[in-house]
Number of protein chains: 4
Amino acid sequence: MKTADKHSKIIRAATKVFAKKGFFNARISDIAKEAKVADGTIYLYFNNKYDMLLSVFEEKIGKLVEQITTQIEKEDDPRRMLEIFIENHLREMKKNKNLAEVIQIELRQTNKIIKDYRNNKFSEYLNIISTIIKKGQSEKVFRQDILPGIAKRAIFGALDEIARIWNINIDSEYDIDETEKQVTRIFLVGVLENPQA
Amino acid sequence: MKTADKHSKIIRAATKVFAKKGFFNARISDIAKEAKVADGTIYLYFNNKYDMLLSVFEEKIGKLVEQITTQIEKEDDPRRMLEIFIENHLREMKKNKNLAEVIQIELRQTNKIIKDYRNNKFSEYLNIISTIIKKGQSEKVFRQDILPGIAKRAIFGALDEIARIWNINIDSEYDIDETEKQVTRIFLVGVLENPQA
Amino acid sequence: MKTADKHSKIIRAATKVFAKKGFFNARISDIAKEAKVADGTIYLYFNNKYDMLLSVFEEKIGKLVEQITTQIEKEDDPRRMLEIFIENHLREMKKNKNLAEVIQIELRQTNKIIKDYRNNKFSEYLNIISTIIKKGQSEKVFRQDILPGIAKRAIFGALDEIARIWNINIDSEYDIDETEKQVTRIFLVGVLENPQA
Amino acid sequence: MKTADKHSKIIRAATKVFAKKGFFNARISDIAKEAKVADGTIYLYFNNKYDMLLSVFEEKIGKLVEQITTQIEKEDDPRRMLEIFIENHLREMKKNKNLAEVIQIELRQTNKIIKDYRNNKFSEYLNIISTIIKKGQSEKVFRQDILPGIAKRAIFGALDEIARIWNINIDSEYDIDETEKQVTRIFLVGVLENPQA
DNA sequence: AATGAATGAGCATTCATTCAT
DNA sequence: TATGAATGAATGCTCATTCAT
């Protein structure tokens, strides 16, 4: 087996185990067993347990960035772009609950001090949103008074919370299409009946 | 010192230590030292470490529920009520970063299975939002097609993510007043310039 | 309640709890609860946990010594005296399983170093047997070549092992009368069919 | 070092430490240090502390069973067989005081409920005695009215109590040869001068 | 004398990491 | 590269004992 294969086998196993047990409750030996690899082998590919989490996170987010970017590039309407982002995020999280879980864990569970200096992919991911917002503003499609730095947090936070619930309640009340529409509408037009009033 | 005092001293210490180190990295002896109490004393008031986290969480959220409910009851306009909720949540989190942190931890860090059957206060908290939404809908102030069950998650998630960032970046770009206005506006009227279009 | 009463209430409770859980697994608070007394109160009557065990043991054995001595004094035939000893020991252990248990514990479970300097009652108890043996020898009823110091251990050991089994198997195969007869016979005439041969 | 070696090194160390301090006072780290092994290593070979005690006990008793069985098989006279049993037991306990101690501990110290379903070797050991008795009865060498189930307990109890004393008094009054003869005689012919009388 | 809240030393067990093979 | 036995630091929790009331 080639090195790259083993590396990704471990990443896959780690994603699964971290998602299932949480970072602190996951044991290296769990991951090793899941990856069908010896415990020690893991340390040939990662420096330590936390490094694995970070790698998993970065890799998964990296793929998301790529995938969403590809789709968005084909569009020109910022409304549609935002819609695509929301759609994609929710669909990916629904499809891959482990991924949703790992995002939750990495973002909140581990030592904040260690965290900061490497989360580049995640910044990139959030910045897809703010870039859309800014484009919309320059094209006079989005309100000028929206602060993209805040909007990107609000949108990501909303999506993330919804994904969190999916991971807790196996059967949620609303289906994914409805949820997408709802979230998109809330962010595009707000909850007011007559905004002009 | 009276028993009640010691209990709340421990809660306070636990909140601080959990916030600073995270649940898994917090040692009982850290909390004991912070509370100026012996390690064993903690077990006179709590069954185990996780029980402390849950107690801290429930108590803090309980106070939030009370405080926000009191303020909202004085209002009648659903728009204003939603604004008050957003305002309060953000102000509390800004004021008490430990609280924000503990919410983050409890919501994502610990065993989901154990969690569900006790997080009543948190449900209550979220339901404040959906109640406001429903009231707004019945008064034709909010759009009829908004699903309160999704909106409450979206709003809480947005607020929570913003608070998370405050806890990471000591100095955030935007001040609290601006952030409040932004979030309120995003949720009330959305990001579109001309929703009618 | 008079002091003596409380002392004996604690002794009774301790006997019960030690018997049920063993010395090391018994908690002071268990004994206190059983005696309907505060934990701290126990330390007004005993120096420490081990001191309680020793007190329980000495008191119980002391009573046994007294009881058996009284009965034996009425007899003159060493054969009958030995029989009475065996009878009494077995009957007491059958009647009071806690006592049997505490003997087992004290004799084997606790620190040998601490033990030695106080076990006077137990020596007295064993010496009842050797005294009987010696009397029997001087009256030419028992064999001259029997060493009383060894015989007393053999007899006590046999009785104690039988009592141990009673405490493990709730229903033993043999009833107490039969057991008494058996043990008495084994020690009086041995197992041989034709000792002369 | 091979695995088997390490296992037996730990068994040896545990036997020594349990004997010296008693089960409850023995610390895992004591055993680890005695075995020149890390604390954690012990848990690669045993599930927990109690499991070690049980393993030690079973292994030691197992060896005794084997050794005594081998010797007894060469004999045909039940009198001699009983003598061999007594001889062997006492010699082994004298030689290996730790072993005597561990028998004492395991038999009385630990949870009786757990105990029963695994002490197979010990049952085997006691049944060597009853088998001898039965053989003697069928050959009309031993009295027909002796109950083997009681006799085996009486004999084991006697031997065990004598071994207990050896472990307490470093210098006992009687030497081993004399003790053997005494015990054998007591059980074979009893203490009476004229059994016929 | 009696209480029981408070103490804090003590320890079994876990598990990330190492390293000889 | 790969293994997995070995390591030993780390810690939640217990419980005998104390002492202010």
Side-chain angles (χ1 to χ4, degrees), chain A residues 1-3 6-7 10 23-33 35-52, chain B residues 1-3 5-7 10 24-33 35-52, chain C residues 1-3 6-7 10 23-33 35-52, chain D residues 1-3 5-7 10 24-33 35-52:
Chain A
M1 178 181 290
K2 276 170 294 177
T3 275
K6 195 153 288 188
H7 186 274
I10 294 172
F23 177 71
F24 289 102
N25 291 319
R27 279 176 284 136
I28 291 292
S29 61
D30 292 335
I31 297 171
K33 187 179 291 175
K36 286 174 187 157
V37 148
D39 290 23
T41 304
I42 287 178
Y43 289 86
L44 299 172
Y45 296 90
F46 302 93
N47 296 322
N48 53 44
K49 194 183 172 188
Y50 181 71
D51 186 49
M52 289 190 70
Chain B
M1 175 180 295
K2 277 169 294 177
T3 272
D5 285 352
K6 198 152 288 186
H7 187 275
I10 295 172
F24 289 103
N25 290 319
R27 279 175 287 134
I28 291 292
S29 61
D30 293 335
I31 297 171
K33 190 179 287 174
K36 285 177 188 154
V37 150
D39 289 24
T41 303
I42 287 178
Y43 290 88
L44 298 175
Y45 296 92
F46 303 93
N47 295 322
N48 53 47
K49 194 183 172 189
Y50 181 71
D51 186 50
M52 289 190 70
Chain C
M1 177 181 292
K2 276 170 295 176
T3 274
K6 196 154 286 186
H7 185 275
I10 296 172
F23 177 72
F24 289 101
N25 291 319
R27 279 176 284 136
I28 290 292
S29 61
D30 293 334
I31 297 171
K33 188 180 289 175
K36 285 173 187 159
V37 147
D39 291 24
T41 304
I42 286 179
Y43 288 86
L44 299 172
Y45 295 92
F46 302 93
N47 295 322
N48 53 46
K49 193 184 172 187
Y50 181 70
D51 186 48
M52 290 190 69
Chain D
M1 176 179 293
K2 277 169 294 176
T3 271
D5 286 352
K6 199 152 287 187
H7 186 275
I10 295 172
F24 289 103
N25 291 318
R27 278 174 289 136
I28 291 292
S29 62
D30 293 335
I31 297 171
K33 190 179 290 174
K36 285 175 186 155
V37 152
D39 290 23
T41 303
I42 287 178
Y43 290 87
L44 298 174
Y45 296 91
F46 302 92
N47 296 321
N48 52 46
K49 195 184 170 188
Y50 180 71
D51 186 49
M52 289 190 70

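To find a chain, count down the sequence lines: A is the first, B the second, and so on, and within it residues start at 1.
In this structure, the side chain of C:Lys49 engages the main chain of C:Phe23 through a donor-acceptor pair within 3.5 Å.
F:dG12 atom P lies 15 Å from atom CD1 of B:Ile10, rounded to whole Å. The CG-P distance, from B:Asn47 to F:dG12, rounds to 16 Å in whole Å. If you take NE2 of D:His7 and C1' of F:dA6, they are 16 Å apart, rounded to a whole angstrom. To the nearest angstrom, C1' of E:dG4 lies 11 Å from OH of B:Tyr45. For the pair D:Ile31 CD1 and E:dT13 P, the interatomic distance rounds to 11 Å; values are reported in whole Å. Atom-to-atom, CD1 of D:Ile42 to C1' of E:dC15 comes out at 16 Å; the value is rounded to the nearest Å. Rounded to whole angstrom, the span from the CZ atom of B:Phe46 across to the C1' atom of F:dT14 amounts to 18 Å. Remark: C1' of E:dT3 and NZ of C:Lys36 are 17 Å apart, rounded to the nearest angstrom.
Contact between the side-chain N/O atoms of D:Lys6 and the OP1/OP2 oxygens of F:dA5 is not found at any separation under 4.0 Å. An OP1 or OP2 oxygen of F:dA16 is reached within less than 4.0 angstrom by no side-chain nitrogen or oxygen of C:Tyr50.
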query: How does DNA chain E read in dot-bracket, base by base from 5' to 3', with Watson-Crick or G-U pairs under 3.5 Å and | used when the partner is on another strand?
result: .||||||||||||||||||||
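Closest of all the heavy-atom pairs between A:Asn48 and A:Asp51 is OD1-N, 2.8 Å.
Distance check: B:Ile10 CD1 to B:Thr41 OG1 gives 6.5 Å after rounding to the nearest 0.5 Å. With rounding to the nearest 0.5 Å, the separation of OH in A:Tyr45 from CD1 in A:Ile42 is 11.0 Å.
Every residue two or more places apart in sequence or in another chain that forms a salt bridge (charged side-chain N to carboxylate O under 4.0 Å, His left out) with A:Asp30 is listed here: A:Lys21, A:Arg27. B:Tyr43 is linked by a side chain to side chain contact (heavy atoms under 4.5 Å, CB included) to B:Ile28, counting only residues two or more places apart in sequence or in another chain.
Counting heavy atoms from C-beta outward, C:Asn47 and C:Met52 have side chains that stay 4.5 Å or more apart.
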Write out a two-atom table: protein N or O, nucleotide N or O from nucleotides 8-12 of chain E, distance below 3.5 Å.
from: E:dG8; atom 1: N7; to: B:Gly40; atom 2: N; distance (Å): 3.3
from: E:dC11; atom 1: OP1; to: D:Arg27; atom 2: NE; distance (Å): 3.3
from: E:dA12; atom 1: OP1; to: D:Ala26; atom 2: O; distance (Å): 3.3
from: E:dA12; atom 1: OP1; to: D:Lys49; atom 2: NZ; distance (Å): 3.3
from: E:dA12; atom 1: OP2; to: D:Ile28; atom 2: N; distance (Å): 3.0

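Comparing E:dA6, F:dT3, E:dA1 by their closest approach to the side chain of A:Leu44 singles out F:dT3.
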